[in-house]
Amino acid sequence: MGGARNVFDKIPRGASCVTAVISGYAQMGSHVRLWSCILPNEFTLATILTSCSGACKLDLGRQVHSIAIKTNFESHIFVGSSLLDMYAKSNNILEARKVFDFLPERDVVSCTAILSGYAQLGLDEEALQLFIELYKEGMHCNYVTFTSLLTALSGLSALDYGKQVHSFTYRHELPFYVVLENSLIDMYSKCGSLTYARRVFNKMPERSSVSWNTMIVGYGCSHGGLVDEGLSIFDYMIKEKGLKPEIGHYGCVVDLLGRAGRIEKALDFIKNMPFEPTAAMWGSLLGACRVHINIPAGEFVAKRLLDIEPENAGNYVILSNIYASASRWQDVVDVRKLMMEKAVIKEPGRSWINLDKVIHTFYSSDRFHPKKGEIEAKIKEIYAKIKEAGFVPDLSCVLHDVDDEQKERMLLGHSEKLAITFGLMGTPRSFMLRITKNLRVCVDCHNFAKFVSMVYEREISLRDSNRFHLFVKGACSCGDYW
DNA sequence: TTAGGGTTAG
């Protein structure tokens, strides 16, 4: 690229060669401010906008947007779709939607761009709704559209819709696209159907590294506690294969050690590695400190994590859980105060269950659900039954400083308990309950699900923001390790 | 000649 830039610097300015240079830079993932010296055309604008994706380049993107307005290219189909994509990728989905809504004509790319914008941000229900709308309006779909749609369906655990997409692509004899198949594997495994995921994987005529990763993640290998095997693979790649591990590999090792309770060793490993530790590393280690109740390490890790990621409410919640499990209530109160000082807002807990293609969503302490009364009665019945079988509520899961009775009531309002209860009410015993939760499942709800699976002889799959839990006969596939 | 959307991973 340096050569191209040298040539460029010597020739007179004109839109076409500038576009070629920008395009070169854009493909390399960087952008340049060359456009300030020329009058841009639709090619220039679309190219530069593509290189503006990402929150840190939003200002630049906005400047290009204003140029697009001035030059009357805002509604050009290519400029418009890269513009909306730029907004979506920098977390401004409302602005992206505005651009989309004002496009004089839509095509498969602009529709896919807005759809994937919603899906990338985890706005899965919105993505599905929009897809249904556009589809009814006769939107044209291709394999990229389905790939994006599948991302949203994975997030919703919407197995029925996912199967529909699969059979649609099958019926229409789409050529083989590895990206689409990868999305299918991901969808099936996130919907709890590993058999189908594996079937897709097996039938692929060729696979990318993503296919393997997706399949491995589906099987949950990194959560299996195979510490020595993991460490020897890490050694093997360095010593035998001569590969230089990337920061992600170091992250895996930290996670592996932490999960196995070897927290001091993990801290040591972090100290000696050639990278700055990331929030992800500290985050996984903090989770480990909670599971293995290591308070000094937890405080140490939390301090570093909250420096890098002070806005992530989940970090405070785990720290608070660590204190609560050691009955250090004053520290719990202090964490809560700290959250208020920093104006951190915990995302409200939300769980959902798909029954007959309808997504039933429950919020924590849901006061507005139409079947509120029935659910309350049923949950009381469940609670009494599982208590008889030995269930003890874990009050350390409550972040608020209230009396025990109220804590118990608050725990019963957790959204995954409501979803499980609702599922039990409306389905036969042989029906596996598939619940999805937007946050990490708490210890009390995890225990609740274990007891329900035993007392009611019901299999429950619960996907939280972190991993899968399959509850059968009182035990969970995660080995109480998440 | 030059242009827009896509999969996994704490």
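Letters go in sequence order (proteins before strands), and every chain restarts at 1. No experiment lies behind these values; they were computed from the predicted model shown.
- Residue-level contact check: A:G251 touches neither bases nor backbone, having no heavy atom under 4.0 Å from any strand.
- A:L49 places its CG atom 15 Å from the C1' atom of B:dT2, with the value rounded to the nearest Å.
- To the nearest angstrom, C1' of B:dT7 lies 14 Å from CE of A:M215.
- The aromatic rings of A:F471 and A:H469 sit parallel, their planes meeting at an angle under 30°, below the 60° perpendicular limit.
- Classified by interplanar angle (parallel below 30°, tilted 30° to 60°, perpendicular above 60°), the ring pair A:F168/A:Y135 is perpendicular.
- In this structure, of B:dG4, B:dT8, B:dG10, it is B:dG4 that holds the atom nearest to the side chain of A:I77.
- Ion pairing between A:E181 and A:R207 fails under the 4.0 Å rule for side-chain N and carboxylate O.
- OP1 or OP2 of B:dG6 lies within a sub-4.0 Å distance of a side-chain N or O belonging to A:S116.
- At the heavy-atom level, A:V108 lies under 4.0 Å from base atoms of the strands shown.
- By the criterion of a centre-to-centre distance under 5.5 Å and near-parallel planes under 30°, the ring of A:F78 forms a stack with the base of B:dG4.
- Looking at heavy-atom distances under 4.0 Å, A:S284 makes contact with a base.
- Atom-to-atom, CD of A:E74 to C1' of B:dG4 comes out at 15 Å; the value is rounded to the nearest Å.
- The side chain of A:V210 lies closest to B:dT8, out of B:dT8, B:dG5, B:dA3.
- Taking atom NE2 on A:H249 and atom C1' on B:dG10, their separation rounds to 15 Å, with Å as the unit.
- Under 3.5 Å, the side chain of A:Y177 and the base of B:dG6 form no donor-acceptor pair of N or O atoms.
- Atom CG of A:L150 and atom C1' of B:dT8 are 14 Å apart (whole Å).
- Atom OH of A:Y118 is separated from atom P of B:dG6 by 16 Å (rounded to the nearest Å).
- At a threshold of 4.0 angstrom between heavy atoms, the contacts of A:F146 with the nucleic acid are absent.
- Considering only side-chain atoms of A:F43, the nucleotide from B:dG6, B:dA3, B:dG5 that sits closest is B:dA3.
- Note on A:S209: nothing from the nucleic acid sits closer than 4.0 angstrom, heavy atoms only.
- Of the candidates B:dG10, B:dA3, B:dG5, the closest approach to any side-chain atom of A:A280 belongs to B:dG10.
- With rounding to the nearest 0.5 Å, the separation of OH in A:Y177 from CG in A:N142 is 7.5 Å.
- Residue contacts shown for A:T147 are limited to sugar-phosphate atoms, with no base heavy atom under 4.0 Å away.
- The pair A:E95-A:R62 meets the salt-bridge criterion, since a charged nitrogen lies less than 4.0 angstrom from a carboxylate oxygen.
- Here A:K190 reaches the OP1 or OP2 of B:dA9: one of its side-chain N or O atoms lies under 4.0 Å away.
- Donor-acceptor pairing under 3.5 Å, judged by distance alone, is present between the side chain of A:N142 and the base of B:dG5.
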Item to complete: Given side chain to side chain contact (heavy atoms under 4.5 Å, CB included), test A:E309 with A:W282 step by step and report yes or no.
Response: CA-CA 10 Å; A:E309 216 180 41; A:W282 291 127; over 6 Å; no
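- Looking at the side chain of A:Y143, the nearest of the listed nucleotides B:dG5, B:dG6, B:dT8 is B:dG6.
- Contacts of A:T112 with the nucleic acid, taken as non-hydrogen atoms under 4.0 Å apart, include base atoms.
- Listed candidates were B:dG4, B:dA3, B:dG10. Nearest to the side chain of A:T47 is B:dA3.
- Between the CG atom of A:L149 and the C1' atom of B:dT7 there is a distance of 13 Å, given to the nearest Å.
- No salt bridge links A:R97 with A:E126; every basic N to acidic carboxylate O contact stays at or beyond 4.0 Å.
- Here the P atom of nucleotide B:dG6 and the CG atom of A:N182 are 15 Å apart, to the nearest Å.
- Counting only heavy atoms from C-beta on, A:Q120 has its side chain closest to B:dT7 among B:dT2, B:dT7, B:dG4.
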